[in-house]
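Everything numeric in this text was worked out from a predicted model, so none of it was measured. This chain uses plain numbering: 1 for the first residue, then up along the sequence. The figures that follow rest on heavy atoms only: side chains count, while hydrogens, waters and symmetry mates do not.
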Amino acid sequence: MTTCSFVVSCASNTLRFCKSFQHKNLYTSPALLHCWSKAHLELFRSLLVVKPSARQRYRPSRTLSSSSTIFSGERNCKCCTTTEEEHKVQEPPFSGKSESFNDWTTRDSAKVRIKTILEQGEKLVDKNVTIQGWIRSIRDQKKFAFLVVNDGSCLSGLQIFVESTLQSYEEVKSLLTGSSVSVSGKLVHSIGKGQFYELQAEEVRILGDCDASYPLQKKRHSFEYLRRIAHLRPRTNTFGAVMRVRSMLAFATHCFFQENGFVYIHSPIITSSDCEGAGEMFRVLTEPGKSLNDARREDAKNFFGIPTFLTVSGQLSAEAYSCALRDVYTFGPAFRAEYSNTTKHLSEFWMVEPEMAFANLQDDMNNAESYVKFVIQYVLEKCKEDIDFFDRFIQNGLKSRLHKYIEKPFARISYSEAVEILQNSGNPFQFPVSWGEDLATEHERYLAEEYFDHPVFVYNYPAAIKAFYMKNNDHDSGKTVAAMDLLVPRIGELIGGSEREDRLDVLEQKMHQLGLKAENYWWYLDLRRFGSVPHAGYGLGFERLVLFVTGMENIRDVIPFPRFPGSAEF
């Protein structure tokens, strides 16, 4: 298929240079209209809404000298000389379903998600639609019944009006909470209180019934009870909202780093390196067959030839790729074999870990602050109903505080200043505060909640309490390292990061002092040996971020299936 190179190139460059299709009105620009035939305009519109693979089906009839010609507005564009033959061979854009940007949910135009109905109801009023979901409640009024159905797309359910004349009415009114149904009918304005629209059922199909032993009823359940039925708790309002916000935070994470030129790296889960040097790692072993003799069974256990563990961090792997691709990030699971039963620790959790080449500690903090503000703003815009729910039922004032965190710069103080503030606070802390000791959660929360009432960066920590890879500060002869923690209200530490020690001799000396074997980190040392550069990065505990944004109290309630000491049932 051939077409004018000007049209194809202009469409391709529009997509490449304009974020999120914000400038699709480019084809109406007076600078371009003078040389565009109607056929070209229609083709350009179509090229903007098909996938790259489909655009490649259009083969330019001739080439342009440079892309600058496309946007310069010059009148000597080769497009002006399109021949009649080219007009004849132009074909309509490829319209195969697999090639288009059609919403997956429109595979059946009658089926509509409840979120779409609540957001675009006026367009659907008096039209026949089909919704599918789970019954939250049912009221039988003898001559008619009301069902409230939720499909997980949003917090609210949709009221279904079922008349007794419906063929399946007797079966419908006997349904219990938790049953799944498919309902077709006409969407109308509701005359009742509490909803704008309701569905007048013309057909109700029962997809899966539910008996009286269903453990979720129309009442409030404790979070502790819901952890015992983690496979069913996403059907509750709270956990449905948590998972939608979590999903949006994950999407916003990728948006932020991708829009800022970062490359997404999948770091390994199985590793032989202990990033933190704490030794609290899960060992990876095979389960050899019983028929093997003892010698062969022992060899089989050592599958990789060396001791291996579940990773506590993807940082070291990210550093390797940062030293080649400049700015990278990892976003994946991490594991810590620590017998901790606090409200903010898990044995399996997710980490967001960017690494930036040619960056220092200030760059590190600037990026971290921008990231946190970006994802909060994104959730406030995309999950309004869920955030309102958390503000009303989980933490009063949450929404206004999130807005304040976005609008006001984060505070920044040195570790020495933090210690001085804590010592002069007059607060009877459980753990004494002294220079050289790590800050406890109570100290972190005092700084973020009471002293600043705002997120605060604490930087330049004592070298003795920080990891081996953190860069020594020259201004105090290595007494401190260029490290930072972001402390936030209610949580304490949300982010930990630093400049990475890029000097080979200094890094080797630190590893020796800490008793780490250099041969176990030979490849990590090679990064300092072959073209080392200043670089920095940080790690953010994703579940703590979800806690921070939703106002939830326990970290076990913001991950689908929590793993902690004594619990891995689901």
Side-chain angles (χ1 to χ4, degrees), residues 103-221 225-226 228-241 243-244 385 389 570:
D103 185 349
W104 184 78
T105 60
T106 63
R107 63 200 184 281
D108 184 340
S109 59
K111 293 179 181 178
V112 183
R113 292 185 179 180
I114 291 175
K115 181 179 181 180
T116 302
I117 290 176
L118 299 181
E119 292 178 347
Q120 306 174 21
E122 291 304 319
K123 298 178 182 178
L124 300 172
V125 167
D126 295 329
K127 293 183 179 180
N128 289 325
V129 299
T130 298
I131 63 105
Q132 297 169 320
W134 296 266
I135 294 176
R136 287 287 180 86
S137 66
I138 182 168
R139 288 181 290 136
D140 178 19
Q141 306 291 330
K142 295 186 178 181
K143 291 186 178 181
F144 56 86
F146 290 108
L147 310 180
V148 175
V149 175
N150 183 275
D151 65 359
S153 62
C154 60
L155 185 68
S156 301
L158 182 67
Q159 179 168 283
I160 313 296
F161 176 74
V162 186
E163 290 191 278
S164 60
T165 55
L166 194 71
Q167 186 175 1
S168 59
Y169 181 76
E170 290 300 320
E171 192 176 6
V172 169
K173 74 175 187 178
S174 66
L175 291 173
L176 299 177
T177 299
S179 302
S180 60
V181 294
S182 176
V183 184
S184 300
K186 181 185 290 186
L187 187 71
V188 298
H189 289 109
S190 177
I191 60 175
K193 295 182 180 180
Q195 64 274 332
F196 292 106
Y197 310 103
E198 68 181 25
L199 189 63
Q200 292 183 343
E202 297 174 0
E203 180 189 22
V204 178
R205 291 194 301 117
I206 300 171
L207 303 179
D209 59 6
C210 190
D211 62 35
S213 65
Y214 183 58
L216 294 175
Q217 299 301 322
K218 194 177 179 180
K219 65 177 183 178
R220 300 192 73 171
H221 299 284
Y225 168 74
L226 292 173
R228 299 201 295 267
I229 51 171
H231 60 305
L232 295 174
R233 69 178 184 171
R235 298 190 192 184
T236 65
N237 285 336
T238 299
F239 287 93
M243 290 306 140
R244 283 188 294 270
E385 185 186 28
F389 170 82
F570 298 96

Distance check, rounded to the nearest 0.5 Å: [X] atom [atom1] versus [Y] atom [atom2]?
X	Y	atom1	atom2	answer
Arg136	Leu216	CZ	CG	9.0 Å
Gln132	Ser184	CD	OG	8.0 Å
Arg220	Leu226	CZ	CG	11.0 Å
Lys123	Thr116	NZ	OG1	10.5 Å
Ile135	Leu175	CD1	CG	4.5 Å
Ile229	Arg235	CD1	CZ	10.0 Å

* **Heavy-atom side-chain proximity of Tyr225 to Pro215 below 4.5 angstrom** =>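 In contact.
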
* Asked: Any side-chain heavy atom of Ile131 within less than 4.5 Å of one from Ile160?
  ->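 When only atoms from C-beta onward are counted, Ile160 and Ile131 do touch, with a gap below 4.5 Å.
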
Mind checking side-chain contact (heavy atoms from CB on, under 4.5 Å) for [X] and listing every partner two or more places apart, or none if nothing turns up?
X	value
Asp151	Arg113, Ile114, Ser153
Pro234	none
His189	Glu122, Val125, Tyr197

* What are the two closest heavy atoms between Leu187 and Gly121, and how far apart are they? ->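 Shortest heavy-atom contact: CD2-O, 4.0 Å.
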
* Any idea which heavy atoms bring Ala241 and Phe389 closest together, and the distance? ->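 Residues Ala241 and Phe389, closest heavy atoms: CB-CD2, 4.3 Å.
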
* Any side chain to side chain donor-acceptor pair (under 3.5 Å) involving residues 157-167? Give me the pairs, sequence neighbours left out, ordered by first then second residue. =>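 Output for this query lists Gln159-Glu198.
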
* Just jot down the side chain to side chain donor-acceptor pair (under 3.5 Å) partners of Thr236, sequence neighbours excluded, or say none. =>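 Expected list: none.
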
* Only counting residues at least two apart or in another chain, list the ones meeting side chain to side chain donor-acceptor pair (under 3.5 Å) with Ser156. =>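 Testing Ser156 for side chain to side chain donor-acceptor pair (under 3.5 Å), a comparison that skips the adjacent residues, returns Glu385.
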
* Step by step, would you call Leu176 with Tyr214 a side chain to side chain contact (heavy atoms under 4.5 Å, CB included)? -> CA-CA 9 Å; Leu176 299 177; Tyr214 183 58; over 6 Å; no

* With Glu170, which residues qualify under salt bridge (charged side-chain N to carboxylate O under 4.0 Å, His left out), at least two apart? ->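 Glu170 satisfies salt bridge (charged side-chain N to carboxylate O under 4.0 Å, His left out) with Lys173 once adjacent residues are dropped.
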
* **Residues in salt bridge (charged side-chain N to carboxylate O under 4.0 Å, His left out) contact with Arg244, at least two apart in sequence or another chain** =>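 Testing Arg244 for salt bridge (charged side-chain N to carboxylate O under 4.0 Å, His left out), a comparison that skips the adjacent residues, returns Asp386.
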
* **Derivation and outcome, side chain to side chain contact (heavy atoms under 4.5 Å, CB included), residues Asn237 and Leu155** => CA-CA 6 Å; Asn237 285 336; Leu155 185 68; 3.8 Å; yes

Report all side-chain donor-acceptor pairs from residues 139-148 shorter than 3.5 Å, counting only partners two or more places apart or in another chain.
from   : atom 1 : to     : atom 2 : distance (Å)
Asp140 : OD1    : Lys142 : N      : 3.0
Asp140 : OD1    : Tyr169 : OH     : 2.9

* ring-ring contact (aromatic ring centres under 6.0 Å, His included): which pairs involve residues 118-142, sequence neighbours left out? ->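 For residues 118-142, and leaving out neighbouring residues, there are no ring-ring contact (aromatic ring centres under 6.0 Å, His included) pairs at all.
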
Could you give the side-chain donor-acceptor pairs of residues 199-212 under 3.5 Å, partners two or more places apart or in another chain?
from   : atom 1 : to     : atom 2 : distance (Å)
Asp211 : OD1    : Ser213 : N      : 2.9
Asp211 : OD1    : Ser213 : OG     : 2.4

* Could you list the residues that satisfy ring pair (Phe, Tyr, Trp, His ring centres under 6.0 Å) with Phe196, not counting sequence neighbours? =>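 Partners of Phe196 by the ring pair (Phe, Tyr, Trp, His ring centres under 6.0 Å) criterion come out as none, since no residue qualifies.
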
